[in-house]
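Here is the structure we will look at.
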Amino acid sequence: MRIRLRWKILLFTVPPLLALTFGTLAMVNHSVTEQVQTTVRQDLRRASAVFEDMVAARTRELAVAGMVIVQDPRFFSVLTLPNTGQDVQLRATVTGVADEFNRITGSEVFEVVDTKNRTLGSVGRSTVAKASRAKLVRSALTGHPVTGVLIDANRHYLVSVTPVTAGGRLVGALVLGEGIRRDLALKLRDLTHSEVTFLCGSAVTGTTLGSDVVRATAAAALERPPAAAGRTDAAAHVFEVHAPHETYLTIAAPIPGSDPASGQLYLIQRSLDSETAVLREMQKNLSLLGAVAALLALLAGLLVANMVVAPLRRLVRGAEEMERGNYDYDLRVPSHDEVGYLTARFLDMRKQQRTYVRSLEELARVKSEFISVASHELRTPISIIRCYHELMADQELGPITEAQENALVAIDDSLTRLSRIAENATLMSQIDSRRLVLKRAPHDLASIVAEAIAAATATAGERSVAVSTDIDGALDLAEVDGTQLAHALAQLISNGIRFTPDGGAVRVQATHDDRTDEIVIAVEDSGVGIAPERQARVFERAMTLGDSIHHHSSSTLDFNSAGLGLGLATARGIVEAHGGTITLTSEVGRGSRFEIRVPARDHFLEAAA
């Protein structure tokens with residue numbers, strides 16, 4: 001399939017522009033997306049670091065407060081009192097002293113225990129079970145303060161346990177603590193703009209999220225190994241949590257100071273949907289920009305294609321007009337580029353072509369007039385010679401000998417040939433100058449075919465070529481010029497006889513095509529055929545089917561001999577004058593078929609009537 005130049009230009013201009021545009025937009029979108037993801041991960045790492053710093057700072061504050069309190073004589077002196085473990089008065093005294101100190105520290109957990117981990121006083125807002133604090137108390141009673149995360153009833157506490165000494169001996173311990181709950185999560189969210197959740201196993205001890213998101217978050221966190229607290233590669237543990245309506249980027253790590261195996265985790269999250277809202281808006285704008293760019297690329301391609309194709313199309317149109325004989329078609333290509341140069345050269349060529357065609361037309365006119373005049377002039381001497389020939393043949397000028405009679409026969413044959421040549425030349429001249437006038441009248445097609453066969457076989461001499469006919473008996477009268485059509489048909493039959501070897505056959509068929517209301521006459525021979533490269537030129541004037549070696553002046557249709565080349569051209573001219581067509585199908589070695597199609601009625605005369 002032939003692709004037009006306009007589409008070729010569009011194909012080689014628009015797709016590269018679109019590829020460049022959308023490639024650039026895709027790279028921008030990818031870079032921005034990567035940058036957003038990286039920024040969110042970095043923010044999560046910073047939020048994790050902030051939380052761990054907050055825990056460390058609060059733990060230090062508790063430790064310092066504990067050290068200050070246990071060194072105050074008012075505090076440690078009460079622990080030197082006798083203690084039986086059931087002394088209510090002692091507990092009341094210790095509680096009173098502890099309450100005074102807790103008014104200063106404001107600790108959520110403020111408990112005083114003896115060396116056996118028995119509670120002597122508890123004045124904080126929360127209390128912890130003896131079993132929950134036992135491990136840390138035992139460590140502190142070795143003589144060194146300890147800090148850590150205490151778990152009590154699925155709640156977290158940052159605690160500092162400080163040993164109390166009096167007179168160089170351990171008399172108890174002070175437990176200070178702060179709860180890790182939703183208030184801490186809210187404070188951390190205000191600082192880091194991240195969502196915070198605290199987990200104790202599968203239980204949530206504090207969160208800034210809704211319950212449905214918390215459940216999805218807890219389940220996802222427990223399925224993944226948490227990052228170790230304080231690690232700098234926490235980004236490796238950033239994962240996505242798909243909540244019912246949002247997706248969160250999450251960091252999960254053990255709460256600083258807790259046992260990593262105890263499942264005490266903190267989760268810091270950022271909503272990926274919220275963070276990428278601007279990105280989605282940007283993607284929307286990029287998509288719109290891509291659509292605009294695609295439209296502009298298409299318009300630019302069309303503009304470029306039109307700028308290139310439009311002048312070329314005018315050149316093509318100018319060439320077509322030249323074929324029709326119009327040499328004045330306005331090209332109107334004002335550009336001075338390569339197309340303008342081509343147009344200028346085309347105009348020069350057209351001018352030269354017009355001069356050349358006019359000279360050929362003049363030459364053809366002169367030649368046609370010469371042939372017409374020459375053939376007309378030949379008729380006078382031919383008529384005179386024929387008159388004297390008849391006088392001598394009738395012995396009006398005296399008796400003739402046998403030799404003279406033979407000479408008169410030869411003269412008669414030559415006159416017949418010369419008359420036929422003159423008639424064909426005159427007819428060809430009329431056809432060339434479009435002066436052939438037809439005398440249409442109703443004719444029986446069978447009589448026309450018979451007349452043509454008689455004229456053709458009259459010159460066949462002793463050739464042994466069978467000529468047969470196949471005429472549809474239902475044919476009506478055809479409105480044609482009988483003489484001219486018979487002449488054209490005789491030329492085709494003569495051509496078939498000439499190029500069919502003896503023993504061959506020429507068949508003439510005549511039918512009526514009801515679909516087109518045309519008379520169809522076919523002349524088919526079993527002769528030598530015509531080579532494909534010569535078939536297009538057989539109807540040209542002076543086109544001989546033989547070669548010069550076989551050309552001679554035989555008065556008969558000798559096999560494969562050459563004539564003047566006017567027969568087929570004359571036949572075509574007569575058929576086309578009738579408004580019909582003549583076609584050829586041939587195969588070398590298997591013969592040729594000429595088919596004439598002419599209207600059965602003169603529709604122009606019918607319309608005029």
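Computed from a predicted structure; not experimentally measured. Throughout, numbering of the chain's residues begins at 1 and tracks the sequence.
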Candidate pair Arg133 and Thr119, rule side chain to side chain donor-acceptor pair (under 3.5 Å), full reasoning: CA-CA 11 Å; Arg133 71 185 183 220; Thr119 302; 2.5 Å; yes
From CG (Leu136) to CG (Asn117), nearest 0.5 Å: 10.0 Å
Carboxylate-amine/guanidinium contact Arg74 Asp72, below 4.0 Å: yes
Inter- and intrachain pairs under salt bridge (charged side-chain N to carboxylate O under 4.0 Å, His left out), touching residues 142-158, at least two apart: Asp152-Arg155
Residues which pass side chain to side chain donor-acceptor pair (under 3.5 Å) with Thr197, listed by chain and number, not counting sequence neighbours: Thr207
Ionic contact status for Arg181 with Glu108, cut-off 4.0 Å: yes
Heavy-atom check, side chain of Val357 versus side chain of Tyr327, under 4.5 Å: yes
Those residues that, when tested against Arg593, pass salt bridge (charged side-chain N to carboxylate O under 4.0 Å, His left out) (two or more places apart): Glu524, Glu595
Ile180 to Thr205 - nearest heavy-atom pair and separation: O-OG1, 3.9 Å
From CA spacing to verdict: salt bridge (Lys or Arg N to Asp or Glu O under 4.0 Å), Asp513, Arg515: CA-CA 6 Å; Asp513 190 337; Arg515 294 180 296 105; 3.4 Å; yes
Residue pairs, two or more places apart or on separate chains, that pass ring pair (Phe, Tyr, Trp, His ring centres under 6.0 Å) and touch residues 164-183: none
Rounded distance [0.5 Å steps], OG1 in Thr250 versus CD1 in Ile268: 10.0 Å
Qualifying residues under salt bridge (charged side-chain N to carboxylate O under 4.0 Å, His left out), relative to Arg138, sequence neighbours excluded: none
CD on Gln269 to OH on Tyr248, rounded to 0.5 Å: 7.0 Å
Counterpart residues, ring-ring contact (aromatic ring centres under 6.0 Å, His included), relative to Phe51 (two or more places apart): Phe198, Tyr266
All pairs passing side chain to side chain donor-acceptor pair (under 3.5 Å) where residues 161-179 contributes a residue, at least two apart: Arg58-Glu178
Minimum side-chain heavy-atom gap Leu191-Met54 below 4.5 Å: yes
Basic-acidic side-chain contact under 4.0 Å: Arg350, Asp328: no
Side chain to side chain, Val159 and Leu176, heavy atoms closer than 4.5 Å: no
Partner residues of Asp514 under the side chain to side chain donor-acceptor pair (under 3.5 Å) criterion, sequence neighbours left out: His512
For Phe75, ring-ring contact (aromatic ring centres under 6.0 Å, His included) partners two or more places apart: Phe101
Arg46 CZ: over 12 foreign heavy atoms closer than 6.0 Å: yes
Distance, nearest 0.5 Å, that separates CG of Leu347 from CD of Gln353: 13.5 Å
Heavy-atom pair of closest approach, residues Pro256 and Val149: O-CG2, 3.2 Å
Non-hydrogen atoms of Asn102 and Ser107 that approach each other most closely: OD1-N, 2.9 Å
Residue pair Thr208, Glu195: steps toward the side chain to side chain donor-acceptor pair (under 3.5 Å) verdict: CA-CA 6 Å; Thr208 60; Glu195 303 295 340; 2.5 Å; yes
Beyond-backbone contact of Val161 with Leu174, side-chain heavy atoms, under 4.5 angstrom: no
4.5 Å side-chain heavy-atom contact, Leu249 and Glu240: yes
Nearest-0.5 Å distance that lies between atom NZ in Lys135 and atom CG in Leu150: 11.0 Å
Minimum heavy-atom distance between Val78 and Leu90, given as atom pair plus value: O-CD1, 3.6 Å
Salt bridge present between Asp183 and Lys187 (N-O < 4.0 angstrom): no
Results of salt bridge (charged side-chain N to carboxylate O under 4.0 Å, His left out) for Asp190 - residues two or more places apart only: none
Residue pair Leu584 / Ile530, side-chain heavy-atom distance below 4.5 Å: yes
Qualifying residues under side chain to side chain donor-acceptor pair (under 3.5 Å), relative to Ser194, sequence neighbours excluded: none
Cationic N near anionic O, under 4.0 Å, Asp348 to Lys351: no
Atom pair CG (Leu120) and OG1 (Thr95), whose distance is rounded to the nearest 0.5 Å: 8.5 Å
Close side-chain approach of Phe594 and Phe539, heavy atoms under 4.5 Å: yes
Pairing residues for Thr147 by the side chain to side chain donor-acceptor pair (under 3.5 Å) criterion, not counting sequence neighbours: none
Taking every non-hydrogen atom, the tightest pair across Ala65 and Thr105: CB-CG2, 4.2 Å
Heavy-atom check, side chain of Arg118 versus side chain of Lys130, under 4.5 Å: yes
